[in-house]
Amino acid sequence: MVFTSFNFLVFFPAVLLVYFLLPQKFRWMFLLAASYYFYINIKPVYALLLAGVTLTTYIFTNLIVRTKSEKSKGIYLVLAIVLTLLPLFFFKYFNFVNEGIYGLLNLAGLRLPLPHISLLLPVGISFYTFMALGYTIDVYNEEVEAEKNIGIVALFLSFFPVVMSGPIERASNMFHQLKGKLQFSYEMVVSGLKLMLWGYFMKLALADRLSIYIDAVFKNADQHVGSSLLLATLMQPIRVYGDLGGYSLIAIGCAKVMGINVIPNFNRPFFATTMSEFWRRWHISLIKWLTDYVYTPLSFGFRKYGQWGIVIALNLTFIISGAWHGAALNFLVWGFIQGIALSLEMLTRKRKDAFEDRFKLSKRWWYIMLGCVFTYLLFAFSLSFGGDAATVPEVLKIFGRIFTDSFHMPYKDGDTMLYGFIAFSIVFLKDFMEEYYPGRILLFNNKNNTVRWLSYYTVIFLIFYLGIFSGEQFVYFQF
Amino acid sequence: MQKEEIVNRLTPVFRKVFADNSLVITEELSALDVENWDSLSHMLLISEVENEFAIKFKLKDLNKMANVGDMIAIISSKL
């Protein structure tokens with residue numbers, strides 16, 4: 001069931017009604033049942049995987065706390081990590097590894113037919129796998145206690161607002177909420193609904209609108225001039241922001257309506273002036289997860305090499321992040337570009353700070369804008385390697401065309417460009433005001449009733465007027 | 001080793017890593033208070049502190065350091 005489907009528009013109010021009518025102590029059980037219903041709705045068999053990962057997590061976290069010996073704790077941790085990752089690896093990398101082996105055998109003159117599995121990646125598997133791993137490692141590090149109630153662990157991993165695409169939650173934030181009083185709070189219901197409304201706008205009016213142009217250009221890249229390719233490349237980050245950012249707001253909003261606070265995922269990313277700041281504002285829950293469970297152990301291991309240890313750890317982390325996004329060379333290139341950019345920023349930071357202090361640049365508007373534009377361009381071009389089905393030579397060819405063939409009028413799709421531009425301007429203005437003039441012009445949170453309701457209705461109207469209702473999937477479902 | 005002595009030895013390490021010669025170390029000081037104290041410089045700091053006191057931290061220790069006070073406690077437990 002997708003957030004933008006008609007089914008969800010029936011499902012969610014129905015769940016809410018029963019949820020709040022039930023006595024408090026039964027609410028978490030109902031949420032668990034609703035979450036599994038939601039997940040089974042996608043494909044029943046895949047719910048077994050989710051249940052399997054839940055059981056593995058439950059058993060091993062409890063084994064880790066029960067045993068006294070450090071060595072056994074370590075063995076349980078490794079076993080838990082391997083078993084939890086197994087389904088994800090199987091679905092994500094089986095064909096990739098197989099094709100690799102096939103290619104090698106072919107080179108050696110052997111032609112062995114190897115099985116090719118044509119299974120779709122179970123939706124959400126990356127997300128709940130990461131959540132399960134994080135929880136298990138936290139238990140091992142004695143940061144959270146192992147949960148004795150398997151129902152709570154199951155609800156944590158299947159919680160329907162976040163199960164498909166995050167935000168990647170933490171046990172430390174969720175357990176006490178799920179076990180606590182799941183109360184009706186008028187304020188939370190209202191603020192949750194506002195987040196959802198804005199999320200739908202970002203997804204339907206912005207992301208899905210831009211997708212039309214981007215897909216039209218990239219699916220026939222050969223037939224388009226460089227300027228069209230450039231325009232589509234520049235639209236790509238806004239599209240993903242609308243898509244995953246919008247999805248995240250709907251997810252966070254859903255949870256909030258039910259009285260549960262989920263961690264944020266985006267924080268006005270296009271106002272970052274450096275790549276490292278960008279990564280503190282973009283897909284925050286994934287980056288925090290990678291920082292805690294991949295980057296920190298790696299950089300700790302390499303710490304005796306000083307700055308170079310950090311460079312290695314950064315690059316490895318982003319290459320792993322690339323490999324997670326997709327089992328193909330182009331994703332590794334994407335990770336590598338990010339790793340290099342962040343390393344360069346780190347190595348030059350002291351000099352850059354001194355330079356900025358000397359000429360008092362850090363508060364100048366044009367200097368800030370320059371930083372934002374540069375960061376945006378770097379991200380937009382690196383994202384070309386993160387597209388589905390884009391191979392490295394193809395992307396390089398597109399770059400070549402952008403730099404040599406951009407002196408023509410780009411491909412025109414009047415409606416898409418106009419509506420897309422209107423939607424983008426609205427999202428940009430909102431983010432701009434919140435970034436630089438917080439609290440100055442309030443619409444959704446205005447004290448005046450008329451202004452508030454007028455803004456809700458305007459956004460609803462705009463969703464219907466500018467939005468696309470063809471049941472587009474969310475970009476991050478494929479991960 | 002007394003807390004004060006640890007603080008005295010930590011001060012130059014912090015000032016060097018964060019390139020700030022006026023930085024004053026208190027037990028409450030945390031990454032939120034110091035510009036440039038992020039996940040990148042944190043590991044440089046950890047490594048320099050290890051060298052200064054000739055100790056080795058464990059990964060688990062790192063997760064328990066919410067502020068300088070926690071760091072001092074862990075350092076003194078290893079001396």
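Naming convention: chains lettered A, B, ... in sequence-line order (proteins, then strands); numbering from 1 in each chain.
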Minimal non-hydrogen separation, B/Lys16 against A/Lys350, with atom names: O-NZ, 3.9 Å
Contact class of B/Lys58 relative to chain A, heavy atoms under 4.5 angstrom: backbone
Minimum heavy-atom distance between B/Leu44 and A/Gly306, given as atom pair plus value: CD2-C, 3.6 Å
Distance, nearest 0.5 Å, that separates CZ of A/Arg303 from CG of B/Leu62: 8.0 Å
Under 4.5 Å from a heavy atom of chain A, the part of B/Glu50 involved: side chain
CD/A/Glu356: more than 12 non-hydrogen atoms of other groups inside 6.0 Å: yes
Chain A contact via B/Leu59 - side chain, backbone, both or neither, heavy atoms under 4.5 Å: both
CG on A/Leu290 to OG on B/Ser39, rounded to 0.5 Å: 11.5 Å
CE-CZ distance between B/Met43 and A/Phe302, expressed to the nearest 0.5 angstrom: 11.5 Å
From A/Met346 atom CE to B/Leu40 atom CG, the distance as rounded to the nearest 0.5 Å: 6.0 Å
B/Lys3, NZ: over 12 other non-hydrogen atoms inside 6.0 angstrom: no
Within 6.0 Å of OH in A/Tyr436, more than 12 heavy atoms from elsewhere: yes
Smallest separation among heavy atoms of A/Phe300 and B/Phe57, with atom names: CZ-O, 3.2 Å
Contact check, side chains of B/Asp38 and A/Arg349, non-hydrogen atoms, under 4.5 Å: yes
Full working for side chain to side chain contact (heavy atoms under 4.5 Å, CB included) between A/Asp353 and B/Asn36: CA-CA 10 Å; A/Asp353 285 352; B/Asn36 292 343; 3.5 Å; yes
Heavy atoms of other groups near A/Phe336 CZ, more than 12 under 6.0 Å: no
Portion of A/Ser299 that has a non-hydrogen atom of chain B nearer than 4.5 angstrom: both
Pairwise side-chain contact, B/His42 with A/Thr296, heavy-atom cut-off 4.5 Å (strictly under): no
Region of A/Glu142 that comes under 4.5 Å of a non-hydrogen atom in chain B: side chain
